Amino acid sequence: PSGGTYSKRFGSWEKALMRAELIEDIYKDIDFDKHPKEDVINDLKKICIDKERLLSKEEIFKLYPEGIIKEYFGSYPVLRKILENDYSKEDLIYILQLKQKKLRRIPTNKDMKFPKAIVFIDKFGSWQNAVDEISK
């Protein structure tokens, strides 16, 4: 049968290979109820914000099993895009407030390492609009 047949039956070629025990089952012994997708995203975002950088693939796999990342996001690049760009205005205001507290002054766009200033600009229309939000 074609690879598509296996993907339809098992969800993906990789899952078919795991079921046949031809590769390691990265989903074995994972309690997905203990790690809901939103909790994983929020936890990883918080760590990235605290460290002011994106976590590497290896660092993420030390925190969460590879099976969770693959099941929820498909791949590390998909998760990376979420961690880099997917923030609400409220999240970004909170991040700016944290940065302001740390710096003891209003942050400039050059102060922002993670998430990058462009994320704030995209969400608020300009850096100044974002900064104005923390002054309210």
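Here the structure is a predicted model, which is why all the values come from computation and not from measurement. Heavy-atom basis, side chains included; hydrogens, waters and symmetry copies ignored.
Taken from CZ in F124 to CG in L92, the straight-line distance is 5.0 Å, to the nearest 0.5 Å. Taken to the nearest 0.5 Å, the NZ atom of K116 stands 9.0 Å off from the CG atom of L54. Rounding to the nearest 0.5 Å places CG of N109 at 10.5 Å from CD of Q128. Here the NZ atom belonging to K81 is positioned 9.0 Å from the OG atom belonging to S75, to the nearest 0.5 angstrom. Note: K99 NZ to R104 CZ = 14.0 Å, rounded to the nearest 0.5 Å. Put simply, NZ on K102 and CD on E52 are 3.5 Å apart, with the number rounded to the nearest 0.5 Å.
Side chains of S135 and D132: no donor on one and acceptor on the other come within 3.5 Å.
Salt bridge annotation for K123-E133: absent, with no cationic side-chain nitrogen under 4.0 angstrom from a carboxylate oxygen.
A pairwise comparison of heavy atoms in I82 and K45 identifies O-CE, 4.0 Å as the closest pair. Residues F114 and C48 come closest through the heavy atom pair CE2-CB, 3.2 Å. Between F73 and K37, the shortest heavy-atom contact is CE2-CE, 3.7 Å. Residue F10 comes nearest to A16 through the heavy atom pair CD1-CB, 3.5 Å, listed as atom of the first residue, atom of the second, then distance. The shortest non-hydrogen separation linking I60 to L55 is CG1-CB, 3.8 Å. When all heavy atoms are compared, the tightest approach of Y87 to V119 is CD1-CG1, 4.3 Å.
Under the 4.5 Å side-chain criterion, counting only non-hydrogen atoms from C-beta, P107 is in contact with I134. Side-chain contact between I49 and K46: absent, with no pair of heavy atoms (C-beta onward) separated by less than 4.5 Å. Side-chain contact check for Y64 versus L79: every heavy-atom pair is 4.5 Å or farther apart. E90 is listed as a side-chain neighbour of S88, based on a closest heavy-atom distance under 4.5 Å. E59 places a side-chain heavy atom less than 4.5 Å from the side chain of R53.
Placement of L103 and L98 in two distinct hydrophobic clusters is found when ILVMFWY residues are connected by side-chain heavy-atom separations under 4.5 Å, directly or transitively.
Heavy-atom contacts from other residues, nucleotides or ligands closer than 6.0 Å to CZ of R9 number 12 or fewer.
Checking side-chain atoms of D43 against main-chain N and O of V40 turns up no donor-acceptor pair under 3.5 Å. Side chain of D50 to backbone of I47: no donor-acceptor contact under 3.5 angstrom is found.
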Exercise. For F61 and I69, what are the C-alpha separation, side-chain angles and deciding distance, and is it a side chain to side chain contact (heavy atoms under 4.5 Å, CB included)?
Worked result: CA-CA 8 Å; F61 289 160; I69 303 306; 3.6 Å; yes

